[in-house]
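Notes to accompany the following structure.
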Amino acid sequence: MEYDYIIVGAGSAGCVMANRLSENPSNRVLLLEAGGPDNNPFIHMPAGLARLSNNTNINWAYMTEPQAGLNQRKMFWPRGKVLGGSSSINAMVYIRGQREDYENWASMGNPDWCFESVLPYFLKSEDQQRGASDLHATGGPLSVQDLKYSNPLSQNFLQASAQLGYAHNDDFNGQQQAGFGLYQVTQRNGQRCSAASAYLKPAIKRSNLNVLTKALAEKLLLEGNCATGVEVSHKGEKHRFYGGEIILCGGAINSPQLLMLSGIGPADHLQTTGIEVRHDLRGVGQNLQDHLDICTLISSSSHDTYDKVNQVSAGLKYLFGKNGPASSNVAEAGGFVTSSLATDQRPDIQFHFVPAMLDNHGRNTLPGRGMTIHACPLRPQSRGEILLNSKDPSRDPFIQPNYLQSDHDLELMLESARLAKEIFSQEAFSAHRDGFIFPEETVCTRDEKLEFIRRKAETIYHPVGTCKMGDDPMAVVDSELKVHGMENLRVVDASIMPELISGNTNAPVIMIAEKCADSFHH
Ligand SMILES: Cc1cc2nc3c(=O)[nH]c(=O)nc-3n(C[C@H](O)[C@H](O)[C@H](O)COP(=O)(O)OP(=O)(O)OC[C@H]3O[C@@H](n4cnc5c(N)ncnc54)[C@H](O)[C@@H]3O)c2cc1C
């Protein structure tokens, strides 16, 4: 046996696992990553994120199946393919979700994942710039800071929310999630703090940690029901690495893909794909959940928007002070509200304000200047699946999110878009609002609004749930994240969430890995 632990995927979870498991010098750890090193400077300069979502050198750039609920559109799904994974290309918004999200996980057969049980791991990971408190900690690897620079128009957004009667919230991860405010971000001194910068960089010189990039794990090596290694393609050659335990951190799309490629998954699907069934596990790839989002755009003559930033001046401010617009995560402000459809007090819609025009993930450049409000329902009921298109590991898997399969999700999308439009209609924006771009002024009736959602909604990048944790027949891992019915095999990433949390998913994934890694010491 060459390694004690082989970790597949150096994303948000994989970097945490690599760091924590190699803290013990007697553990030999191998970290495999399909992408390359994170040396693109736009990864580290926060506003550079606009240049990352289309860059297929560092991005899997997946496309979903055509969506029946979205006019048969195939949706663009960026995912990081680089050290740091999606945390190297994400928008850096730091959100943990709601206490009730974790109580819900606990009620789904995972009693030790209630809020009181996960909070210590949010704290263990955190280095909070504002200092420690009951709900925050300092000294952890993940730097959580206030933006060094925020756009003056983000204040207009906050004023507009106040004019609508919403409370101000200066800590969405404090006692209350509800309200509006500036987001805290995973940055250190104006630079992105990805999982790779937070966890991998400090560990990379350890002699017991090997990091192999451009290494695609194609298949698990199994002896009976025991995982013994990984078959990898690296620079056109196949290699086999053997380890005492294999830990899958490939994310919500690739972890179920790798399990299925290895014969672990729904038997009928594996058989039709021509893969020998090693372990019939029905839940693999099922239970896919994501946040669907709708953007409301106004045109504006304000010269403060980020549409036409003076790049020389922004570049110099960044170069000499790690400050100014280039240090912004662009989605600077936001809010959480409880909709009129909610049956309890929990916020069920999240907003992200972008002081620039953002259409189709920034892939469609619109003329002029403007601003965008993203709005997304937080606890969708639609469920999709990841399957294989082929037994060829280099082929993209079949991604079927089934967006808007549930009427509840559609109603909440309408409400989200309605509220976004109300925010832009407030007095606080009147001096800066020339007109609505999306939805167009012609969108008035309910049918027209539905059509607008079906035509324009996009992912806000939070797929989870495809190797869910629990003890029911559809669960893939138990609450120690060990794959049911297998030995020496875990999944540790966004795919284990039994249900999507109410917010952005990076901090929760890092928490999941911190909690799992800690269990290795006991
Ligand atoms: C554009 C974008 C914006 C986002 N914005 C935010 C935000 O502002 N705030 C927030 O909290 N969350 C955000 N998210 C979501 C968040 O970043 C992800 O939920 C989180 O990073 C997922 O972590 P993970 O460990 O599950 O997977 P990932 O971080 O995606 O890591 C998986 C890694 O495994 C590698 N891999 C996969 N398959 C293999 C294989 N077979 N062999 C070897 N390596 C493999 C991948 O290349 C990747 O590096 C965003 C995501 C995206 C894409």
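Counting starts at 1 for both ligands and their atoms, following the listed order.
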So, does Ser87 sit close enough to ligand 1 that a heavy atom of it is under 4.0 Å from the ligand? yes
Could you please spell out the steps behind the side chain to side chain donor-acceptor pair (under 3.5 Å) verdict for Ser117 and Asp112? CA-CA 6 Å; Ser117 308; Asp112 45 346; over 6 Å; no
Suppose I only count heavy atoms of Ala91 and a 4.0 Å limit; which atoms of ligand 1 are within that range? 3 (C), 4 (C), 5 (N), 6 (C), 7 (C), 8 (O)
Looking only at side-chain N and O atoms, does Tyr3 offer a donor or acceptor that is under 3.5 Å from a partner on Asn210? yes
With heavy atoms of Ala494 as the reference, note each atom of ligand 1 found under 4.0 Å away. 26 (O)
Do any nitrogen or oxygen atoms of Asp493 lie less than 3.5 angstrom from nitrogen or oxygen atoms of ligand 1? no
With no hydrogens and no angle check, just 3.5 Å: does a side-chain donor-acceptor pair link Glu514 and Tyr199? yes
If the plane angle is over 60° it's perpendicular, under 30° parallel, otherwise tilted; pick one for Phe353 and Phe157. parallel
Go through ligand 1 atom by atom and flag the ones less than 4.0 Å from a non-hydrogen atom of Gly80. 46 (C), 47 (O), 48 (C), 49 (O)
Which of the atoms in ligand 1, numbered in the order shown and given with their element, are less than 4.0 Å from a heavy-atom of Gly250? 32 (C), 34 (O), 37 (C)
Give the single entry among Ser88, Pro393, Ser86, Ala196 that approaches atom 28 (P) of ligand 1 most closely by any heavy atom. Ser86
Got the closest protein heavy atom to atom 41 (N) of ligand 1, with its distance? Ala217 O, 2.9 Å
Does ligand 1 have an atom under 4.0 Å from some heavy atom of Val185? no
With a 4.0 Å cut-off on heavy atoms, is Trp77 touching ligand 1? no
Return the orientation label for the Phe115 and Tyr102 ring planes: parallel under 30°, perpendicular over 60°, tilted otherwise. tilted
Applying a strict 4.0 Å limit to heavy atoms, is Leu258 in contact with ligand 1? no
For Gln128 and Gln184, run side chain to side chain donor-acceptor pair (under 3.5 Å): C-alpha distance rounded to whole Å, both residues' side-chain angles, the deciding distance at 0.1 Å, then the answer. CA-CA 10 Å; Gln128 172 61 249; Gln184 282 206 294; 2.8 Å; yes
Option set Gly9, Ala513, Ser12, criterion heavy-atom distance to atom 21 (O) of ligand 1, minimum: Ser12
Taking atom 39 (C) of ligand 1 as the point of reference, which of Ala10, Ala34, Ala252 owns the nearest heavy atom? Ala34
Provide the number and element of each atom of ligand 1 under 4.0 Å from a heavy atom of Asn254. 37 (C), 38 (N)
Show which atoms of ligand 1 fall inside a sub-4.0 Å distance from at least one heavy-atom site of Ala215. 42 (N), 43 (C)
Closest to atom 31 (O) of ligand 1 (heavy atoms only, candidates Pro78, Gly11, Ser495) is Gly11
Taking the inter-plane angle between the rings of Tyr403 and Trp77 on a 0 to 90° scale, is it parallel (under 30°), tilted (30 to 60°) or perpendicular (over 60°)? perpendicular
Is there a polar contact, in the sense of an N or O pair closer than 3.5 Å, between Gly14 and ligand 1? no
Quick one: does Asn488's side chain have a donor or acceptor within less than 3.5 Å of a partner on Cys226's backbone? no
When rounded to the nearest 0.5 Å, the distance separating CD1 of Ile264 from CG of Leu258 is 8.5 Å
Please work out whether the ring planes of Tyr183 and His352 are parallel, tilted or perpendicular, with thresholds of 30° and 60°. tilted
Indicate every side-chain donor-acceptor pair of residues 388-399 with a distance under 3.5 Å to a residue at least two apart or in another chain.
unit_1	atom_1	unit_2	atom_2	d
Asn389	ND2	Asp396	O	3.1
Asn389	ND2	Pro397	O	3.4
Ser390	OG	Asp392	N	2.8
Asp392	OD1	Ser394	N	2.8
Asp392	OD1	Ser394	OG	2.8
Asp392	OD2	Ser394	OG	3.2

Distance-only polar pair, side chains of Ser88 and Arg192, donor-acceptor under 3.5 Å: no
Does some non-hydrogen atom of Ile89 fall short of 4.0 Å from ligand 1? yes
Residue Ala13 vicinity, atoms of ligand 1 by number, heavy atom under 4.0 Å: 25 (O)
Identity of the nearest option to atom 6 (C) of ligand 1, non-hydrogen atoms only, from Asn90, Val82, Ile512: Asn90
